[in-house]
Amino acid sequence: QVQFVESGGGLVQPGGSLRLSCLPSGSIFRLLAMGWYRQAPGMQRELVAGITSNGLTNYPDSVKGRFTISRDNAKNMVYLQMNNLKPEDTAVYYCNKWGTPGPWGQGTQVTVSS
């Protein structure tokens, strides 16, 4: 089972930026399509960015143009660069396999507030 450790969250003002990092375990990481998800209080978990093993990306309209997912297979890392953050981006952010998520990690809290 691949497991995930997320980091990089915090408190940021509207319009600010954060970069999240994800460290998956396991040697098959480079073969996996990966995604960043978020869950706000009282809401269902949603996908906010996905990246295939060869770097193709996909975003929902709510974050398109503001969020960028990337991966470094040599370092076994996945990143989410978030710019122009809005209060509605406040949530716990998780990384996991894209499409068929496995066990969830602890996530990292992102709070956008003035």
Thr111 side chain to Leu11 main-chain N or O, any donor-acceptor pair under 3.5 Å? no
Is there a side-chain contact between Glu46 and Val63 in this structure, where contact means two heavy atoms from C-beta onward sitting under 4.5 Å apart? no
Can you measure from CG (Asn58) to NZ (Lys64) and round to the nearest 0.5 angstrom? 6.5 Å
Compare every heavy atom of Asn73 with every heavy atom of Ser53, then report the nearest pair and how far apart it is. O-ND2, 3.9 Å
When hydrophobic residues are tied together by side-chain contacts of less than 4.5 Å, even through go-betweens, does Met34 share a cluster with Tyr79? no
Can you list the steps and then say if Leu80 with Arg19 is a side chain to side chain contact (heavy atoms under 4.5 Å, CB included)? CA-CA 6 Å; Leu80 185 67; Arg19 188 193 194 204; over 6 Å; no
Counting distance only, does the side-chain N/O of Asn96 pair as donor-acceptor with the main-chain N or O of Pro101 below 3.5 Å? no
Answer yes if Met77 and Met82 sit in the same cluster of Ile, Leu, Val, Met, Phe, Trp and Tyr residues linked by side chain heavy atoms under 4.5 Å apart, and no otherwise. no
For Ser7, is there any backbone N or O sitting under 3.5 Å from a side-chain donor or acceptor partner on Tyr93? no
Please name the pair of heavy atoms, one in Ile51 and one in Trp98, separated by the smallest distance, quoted to 0.1 Å. N-CE3, 3.3 Å
Which heavy atom of Thr90 sits nearest a heavy atom of Ala40, and at what distance? O-CB, 3.7 Å
Spell out, yes or no, whether Val78 and Leu23 are grouped together once hydrophobic residues are joined by side-chain heavy atoms under 4.5 Å, including indirect joins. no
Assess whether side chain to side chain contact (heavy atoms under 4.5 Å, CB included) is satisfied between Gln81 and Phe67, documenting all intermediate values. CA-CA 6 Å; Gln81 177 67 43; Phe67 289 12; over 6 Å; no
Calculate, to the nearest 0.5 Å, the distance between atoms OG1 and CG belonging to Thr68 and Asn83 respectively. 6.5 Å
Mind running side chain to side chain contact (heavy atoms under 4.5 Å, CB included) on Arg66 and Asp89 for me, showing each step along the way? CA-CA 11 Å; Arg66 300 189 299 121; Asp89 296 318; 2.7 Å; yes
Please report the shortest heavy-atom distance between Pro14 and Ser113, naming the atom on each side. CD-C, 3.6 Å
Shortest non-hydrogen contact between Leu32 and Arg71, atoms and distance: O-NH1, 2.7 Å
Passes side chain to side chain contact (heavy atoms under 4.5 Å, CB included), Leu47 versus Tyr59? Steps please. CA-CA 8 Å; Leu47 178 74; Tyr59 308 91; over 6 Å; no
Has Gln3 got more than 12 heavy atoms of other residues, nucleotides or ligands less than 6.0 Å from its CD? no
Is the shortest side-chain heavy-atom distance between Leu20 and Val110 below 4.5 Å? yes
Do other residues, nucleotides or ligands put more than 12 heavy atoms under 6.0 Å from the CD atom of Gln44? no
Applying the 4.5 Å side-chain criterion to the ILVMFWY set and letting contacts propagate, would Phe4 and Tyr94 be lumped into a single cluster? no
In short, Pro24 meets Cys22 closest at the heavy-atom pair CD-O, 3.4 Å
Could you state whether Leu18 and Trp36 fall into the same hydrophobic cluster, counting links through intermediate Ile, Leu, Val, Met, Phe, Trp or Tyr residues with side-chain heavy atoms under 4.5 angstrom apart? yes
For Arg45 and Tyr37, which I'm curious about, is there any donor-acceptor pair between the side chains at under 3.5 Å? no
Main-chain N/O of Cys95 paired to Glu6 side chain as donor or acceptor, under 3.5 Å: yes
